[in-house]
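Each ligand, and each atom within it, is numbered from 1 in the order the structure gives. Any value given below was found using the heavy atoms of this structure, including those in side chains, with hydrogens, waters and symmetry copies removed. Heads up: numbering here begins at 1 and tracks the sequence.
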Amino acid sequence: MCGIVAYVGYREAYPVILKGLKRLEYRGYDSAGVSLLDHNGLQVYKKKGKVAQLEETLVGQALPATIGIGHTRWATHGEPSDRNAHPHRSASGRLAMIHNGIIENYAQLKKELQNKGYIFHSDTDTEVLLNFIEDIREKNECGLEEAVRIALKRVTGAYVIVLLDQENPGTLIAARKGSPLVIGIGKNEHFLASDASPIIEYTKEVVYVNDYELAILKEDELILKNLGNEKLTPYIQKLDLELAAIEKGGYDHFMLKEIFEQPHTIYDCLRGRLDAKSGQIVMRGVDNHIEALSKAERILMVACGTSWHAGLVAEYIFEELCRIPVEVEYASEFRYRNPVIHPGDIIMAISQSGETADTLVAIEKAKEQDAMIFGILNVVGSSIARASHAGAYTHAGPEIGVASTKAFTAQLTVLTMVALRIAYAKGTISQERYLHLLNELEQVPAKVETALKTEEQIREIAARYADARNMLYLGRGYNFPVALEGALKLKEISYIHAEGYPAAEMKHGPIALVDETLPVVFVATRDSYHEKIVSNIQEIKARKGKVVAIVTEGDELIRSLADETIELPACDELIAPIVNVIPLQLLAYHIGVQKGLDVDKPRNLAKSVTVE
Ligand code: M6R
C-alpha cells in the first residue's frame, strides 16, 4: 500500500528519497512522485507507473534540495494516473503533501471547499485534505502546524500525512492516525518513512509515531506533540535490522529468497525458546500471562489472508492440545460485527506486518470490551504490536515479497509453541506427547531443508501446469488450511483461479468442475485422514482430473494413483503443515515465473493493507 519517504538534513534529498521509494516498492503501488524545496521554490514531479519511470524523467536535472517528500501511491480515490499521483499541491501552490490512508468524510469536506471556490485537479481525498488545511490556515491566520491540528480533529478515517511548506523551507510536518510512520534520527538529519527499510542504511535510531501524534522535523530538531498541542518525549528505539535482510542476496526474486530462508527463519523462531532435551518452552510473552491463557474459555483468532490461514491451522492445534474452543475470524468481518466477547476470552491477533488496518481496528474494538489481546507478529514495534497487551514475535525477518511465505511458517511455529506451552501448564497433554512434539518441532528446520530439495521437480511440474485456467487445492484436517494457503499463493502469483477446499467437501459442489483439464493439488501426507484422502484422489481420477499429490516419502499407494507426486519427509500430523506448505509456495512461484509475471509485486496487491 502507499509508501512514504521524507528527508530533511544536509544531503541531497532526491537520491535519499528515490532509494527509499525503491525500498518501499514491495508494498505495492501504481504511481510515484516527489516534491523538493530549494532556493527556486517548491517543485513537484510525479508519474503513473514505476519509480524507475519517475527517475527517467528526472535524469540530468539539477536537484540540490536538502528537504523533500516522496510517495508511492496505491490507488483508492481515482484511477492510477499522473494527476492522481502524490505529492499534491495546495491551491495557492504554497504547500505540498503526501498521504497514506483514506479520508472517509472527504466528500463532505470537498463540497464545503468547492462552495468556497476551490477547484480540484485530481480525484483524490488527499487534495481535499490538503486544501482543507490550507483553508484553515488562511482563515485563522495561524501557522501550518496549528492548521494541521485543527483539520485533523475534523477528519475521519486513517492517515499518515507529510507536508512541505514553501514559507518554512527547513521544516517537515507529519501526522499519523491508523497508518504506519517511522522517524529515523541521524546526526543533523531526519528521515520519515512508512517502515524502517528506507532508513536502515543511514541510522538505526528510530521513533515510531503513534496515532494522533504530530511530528515537526528540522535537520537538527524533532518535536513530537499530540493533537492537543502538548509536547511528548520521543521514545527512541534501536533497530535490530541489517541492510542485507532487505536485499535480494543473489536470488532472482525476494519471494524465492524468502522461501529458501525458511530453515533459518524457523530455527530463529525456535532458538532460545524451545529445548527438547530439557522439555522446556520458554516464551516470556506467554509465561508472563500463563494464568490468563490457561484459564481462557475461548480463543478468538483475528487475521487476514495468509495470517488467517495460520489461525485456521492453530484452531486445530489449540483445540487438540489445550482443549480450548477456538474461533478464527476474518478481521474485516469481526470489526463490523457486534461480536460476543466474554471476560475469559483471549483475542489472538496474527499479522506479519502488524499494520493491517482491519486487524488493527478489530483488536481496538475487542479492547473496548476489555478483551486481552495477544499478538503473533513479525514486525517489532508495529502498530498491532503496540496495541497488544502481550504476544510473541515470529522473528522471520523482513518479508519483502508480497506473497507471504516465511512469515506463515514462522507463525505456525510460534502458534504451535504457544499451544504446547499452554497445554503443558493446563495438563491437557501427556508428558510423552509433549516431549514427542518438542522433538518434532526441533527437527522442522532440517525437514524444511529437505522439502526445498523438491524445487527442480516442482519447476518441471510448473511447466506442465502453467497454462491451467483453474486449479483446485484439497486437504483434510491440519492440511485443509494448507490447501487454502496453496490456492491463495497460486492466485496471487500466477493469476490462475484457484480454490482451496476440505477434500471431503469437494463432493458438495466443486466436483462439478472436474474434467481432464482441471489440475487438483492434494495435500495428502500420511496422517489420520490418509485412507479418506486416498478415496478423494480416486474420486478425482475417476473423473479424469489431473492429480498433483504432496505425499510422505515412500507412499506407493498415492504414487500409483496420482499424475505427479512430491515426496516430503515424515512428520507428526500436527507439525506437518509447516513442511507441507513449502512445495505449494514453490509451485506458485515457478508457475508465476514461467508465465513471465512479476512475482514479487503481483498486480493490484499491496504488502501491508493499511486501508480497509
Ligand atoms: O501483514 P498481515 O499478515 O496482517 O497481512 C495479511 C494479508 O494481507 C496477507 O497475508 C496477504 O494475504 C498476503 N498477500 C498473502 O500472501
Side-chain angles (χ1 to χ4, degrees), residues 1 26-29 74 178-180 194-195 197 253-256 258-259 262 301-314 328-335 347-364 373 375-388 391-412 414-415 473 481-482 484-495 498 500 581-582 584-589 592 597-612:
M1 214 129 272
Y26 78 94
R27 296 169 70 86
Y29 71 105
W74 189 84
S179 298
S194 300
D195 65 39
S197 56
H253 298 99
F254 280 110
M255 183 177 175
L256 192 62
E258 286 157 8
I259 290 173
Q262 290 176 104
M301 310 237 175
V302 290
C304 304
T306 289
S307 298
W308 184 77
H309 295 155
L312 284 183
V313 178
V328 188
E329 302 267 359
Y330 281 119
S332 52
E333 288 296 314
F334 182 84
R335 63 180 285 189
I347 310 289
M348 285 199 180
I350 310 170
S351 175
Q352 184 287 125
S353 62
E355 300 295 347
T356 300
D358 285 324
T359 310
L360 184 58
V361 177
I363 63 170
E364 296 294 359
I373 315 293
I376 305 286
L377 304 158
N378 193 36
V379 178
V380 177
S382 56
S383 303
I384 299 176
R386 282 176 292 138
S388 301
Y393 282 117
T394 51
H395 300 311
E399 191 177 65
I400 310 284
V402 163
S404 189
T405 52
K406 63 176 181 171
F408 179 67
T409 49
Q411 286 166 343
L412 294 184
V414 166
L415 284 160
Y473 283 68
V482 178
L484 292 182
E485 176 59 9
L488 177 66
K489 285 291 88 89
L490 189 76
K491 269 186 271 215
E492 290 185 289
I493 299 306
S494 72
Y495 313 153
V581 75
I582 305 293
L584 304 185
Q585 297 170 345
L586 286 168
L587 185 64
Y589 171 80
L597 300 172
D598 185 352
V599 295
D600 278 340
K601 296 189 258 351
R603 69 180 176 207
N604 304 335
L605 285 176
K607 181 62 186 165
S608 49
V609 184
T610 52
V611 298
E612 66 167 295

Legend entry - Whether His253 and Tyr589 hold their rings parallel, tilted or perpendicular, with breakpoints at 30° and 60°: perpendicular
When you compare the side chain of [Y] with that of [X], does any pair of heavy atoms fall below 4.5 Å?
{"X": "Ile493", "Y": "Leu597", "answer": "no"}
{"X": "Leu415", "Y": "Val313", "answer": "no"}
{"X": "Leu488", "Y": "His309", "answer": "yes"}
{"X": "Trp308", "Y": "Tyr330", "answer": "yes"}

Legend entry - salt bridge (charged side-chain N to carboxylate O under 4.0 Å, His left out) involving Glu258 - partner list, sequence neighbours excluded: none
Within a distance under 4.0 Å of any heavy atom of [X], pick out the atoms of ligand 1 and give their elements.
{"X": "Ser307", "value": "2 (P), 3 (O), 10 (O)"}
{"X": "Ala403", "value": "16 (O)"}
{"X": "Gln352", "value": "1 (O), 2 (P), 3 (O), 4 (O)"}
{"X": "Val402", "value": "13 (C), 14 (N), 16 (O)"}
{"X": "Ser353", "value": "1 (O), 2 (P), 4 (O)"}
{"X": "Thr306", "value": "10 (O), 12 (O), 15 (C), 16 (O)"}
{"X": "Lys489", "value": "15 (C), 16 (O)"}

Starting from [atom], which protein heavy atom do you reach first, and at what distance in Å?
{"atom": "atom 8 (O) of ligand 1", "value": "Val609 CG2, 4.0 Å"}
{"atom": "atom 7 (C) of ligand 1", "value": "Cys304 O, 3.7 Å"}
{"atom": "atom 5 (O) of ligand 1", "value": "Thr356 OG1, 3.4 Å"}

Inset, instruction - Sort and list the pairs that fulfil salt bridge (Lys or Arg N to Asp or Glu O under 4.0 Å) and have at least one residue in residues 391-411, not counting sequence neighbours. - result: Glu261-Lys406, Glu399-Lys607
Inset, instruction - Return yes or no for this condition: an N or O of Lys607 is under 3.5 Å from an N or O of ligand 1. - result: no
Legend entry - Glu492, any N or O under 3.5 Å of ligand 1 N or O: yes
Inset, instruction - Please state whether Thr359 comes within less than 4.0 angstrom of ligand 1, counting heavy atoms only. - result: no
Inset, instruction - Check the side chains of Asp195 and Ser197 for a donor-acceptor pair under 3.5 angstrom, ignoring hydrogens and angles. - result: yes
Inset, instruction - Compute whether any side-chain donor of one residue and acceptor of the other, for Ser307 and Gln411, lie under 3.5 angstrom apart. - result: yes
Inset, instruction - Can you see which heavy atom on Tyr393 is nearest to which on Val379, and at what distance? - result: CE2-O, 3.7 Å
Inset, instruction - Answer side chain, backbone, both or neither: which part of Glu355 comes under 4.0 Å from ligand 1, heavy atoms only. - result: neither
Inset, instruction - May I ask which of Ala407, Ala331, Gly305 has a heavy atom nearer to atom 12 (O) of ligand 1 than the others do? - result: Gly305
